[in-house]
S.K.: 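First the structure, then my questions, so here it is.
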Amino acid sequence: QVELVESGGGLVQVGGSLRLSCAASGRTFSRYAIGWFRQAPGKAREFVAALSWTGGTTYYTDSVQGRFTISRDNASNTVYLQMDKLRPEDTAVYYCAAARDAVVLVTTGRGDYWGQGTQVTVPS
């Protein structure tokens with residue numbers, strides 16, 4: 001069992017930065033790939049970034065490539081999403097999810113565990 005709690009969302013101006021955190025509980029957290037997803041009002045949830053359980057492989061959707069960075073600290077059971085050069089279209093509720101395989105997160109959007117989400121707002 002893995003429980004996920006996101007934090008770090010907020011209101012930020014265009015071009016600004018935020019760092020989201022996904023804190024996990026559970027002894028097997030280090031064996032899970034972690035992904036970040038987002039859902040804007042009236043839109044479907046979309047994949048943002050994912051990280052293999054080893055931390056050695058990362059995946060990003062094209063719109064955030066070069067602006068967002070996903071990382072993990074297994075010692076503290078935390079995964080981060082550093083978001084730079086934020087744009088109004090990044091406004092959404094951001095969720096982290098855990099799965100045994102990062103490719104499953106990327107290709108299907110399915111996670112075994114999900115957090116409750118944190119709001120990110122970038123006014124235009």
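Treat the numbers as computed from the prediction; the structure is a model and nothing was measured.
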S.K.: Given side chains that start at C-beta, do those of F37 and V93 come closer than 4.5 Å, heavy atoms only?
M.R.: no
S.K.: Closest heavy-atom contact between A40 and A92?
M.R.: N-CB, 3.8 Å
S.K.: With a 6.0 Å cut-off on the ring centroids, do Y32 and Y113 count as close?
M.R.: yes
S.K.: Between R38 and E46, is any pair of side-chain heavy atoms under 4.5 Å apart?
M.R.: yes
S.K.: A33 and D101: which non-hydrogen atoms are nearest, and at how many Å?
M.R.: CB-C, 3.9 Å
S.K.: For E3, check salt bridge (Lys or Arg N to Asp or Glu O under 4.0 Å) against everything at least two apart and list the hits.
M.R.: none
S.K.: Please round to the nearest 0.5 Å and tell me the distance separating atom OG1 of T121 and atom CG of L86.
M.R.: 10.5 Å
S.K.: Do R67 and D90 have side chains that approach each other closer than 4.5 Å (heavy atoms only, starting at C-beta)?
M.R.: yes
S.K.: Should the pair R72 and Y80 be classed as cation-pi, given the thresholds of under 6.0 Å to the six-membered ring centre and 45° from the axis?
M.R.: no
S.K.: Where is the tightest heavy-atom contact between Y60 and F47, given as atom of each residue plus distance?
M.R.: C-CE2, 3.9 Å
S.K.: Minimum heavy-atom separation for A49 to L81, with atom names?
M.R.: CB-CD1, 4.1 Å
S.K.: What do the steps show when you test T61 against S63 for side-chain hydrogen bond (donor to acceptor under 3.5 Å, both in side chains), and what is the final call?
M.R.: CA-CA 6 Å; T61 193; S63 64; 4.5 Å; no
S.K.: Got a second to check how far Y95's OH is from L20's CG, nearest 0.5 Å?
M.R.: 13.0 Å
S.K.: Is any side-chain heavy atom of P123 less than 4.5 Å from a side-chain heavy atom of L11?
M.R.: yes
S.K.: May I ask whether V5 and V48 are part of the same hydrophobic cluster, defined by side-chain heavy atoms of I, L, V, M, F, W, Y residues being less than 4.5 angstrom apart, directly or through others?
M.R.: no
S.K.: Do E6 and W36 touch side chain to side chain, with heavy atoms closer than 4.5 Å?
M.R.: yes
S.K.: Testing the basics here: between A24 and L4, what is the closest heavy-atom pair and its distance to 0.1 Å?
M.R.: CB-CD2, 3.6 Å
S.K.: Kindly work out whether a path of hydrophobic side-chain contacts (I/L/V/M/F/W/Y, heavy atoms less than 4.5 Å apart) joins W53 to V79.
M.R.: no
S.K.: Any non-hydrogen side-chain atom of D84 less than 4.5 Å from a side-chain atom of S17?
M.R.: yes
S.K.: Taking the side chain as C-beta and beyond, is there a heavy-atom pair between Q119 and T91 under 4.5 Å?
M.R.: yes
S.K.: Are W114 and L105 linked, directly or through other ILVMFWY residues, by side chains that come within less than 4.5 angstrom of each other?
M.R.: yes
S.K.: How far does CG of N74 sit from OG1 of T54, to the nearest 0.5 angstrom?
M.R.: 9.0 Å
S.K.: So, taking the atom named CD in E89 and the one named OG in S124, what distance separates them when rounded to the nearest 0.5 Å?
M.R.: 9.5 Å
S.K.: How close do A97 and G111 get, counting heavy atoms only, and between which atoms?
M.R.: CB-CA, 4.4 Å
S.K.: To the nearest 0.5 Å, what is the distance between CD (Q82) and CD1 (I70)?
M.R.: 12.0 Å
S.K.: Test R31 against R100 for side chain to side chain contact (heavy atoms under 4.5 Å, CB included), laying out the working first.
M.R.: CA-CA 7 Å; R31 292 291 183 175; R100 289 291 189 178; 3.7 Å; yes
S.K.: A side-chain contact here means heavy atoms from C-beta on lying under 4.5 Å apart; do Y59 and V103 qualify?
M.R.: yes
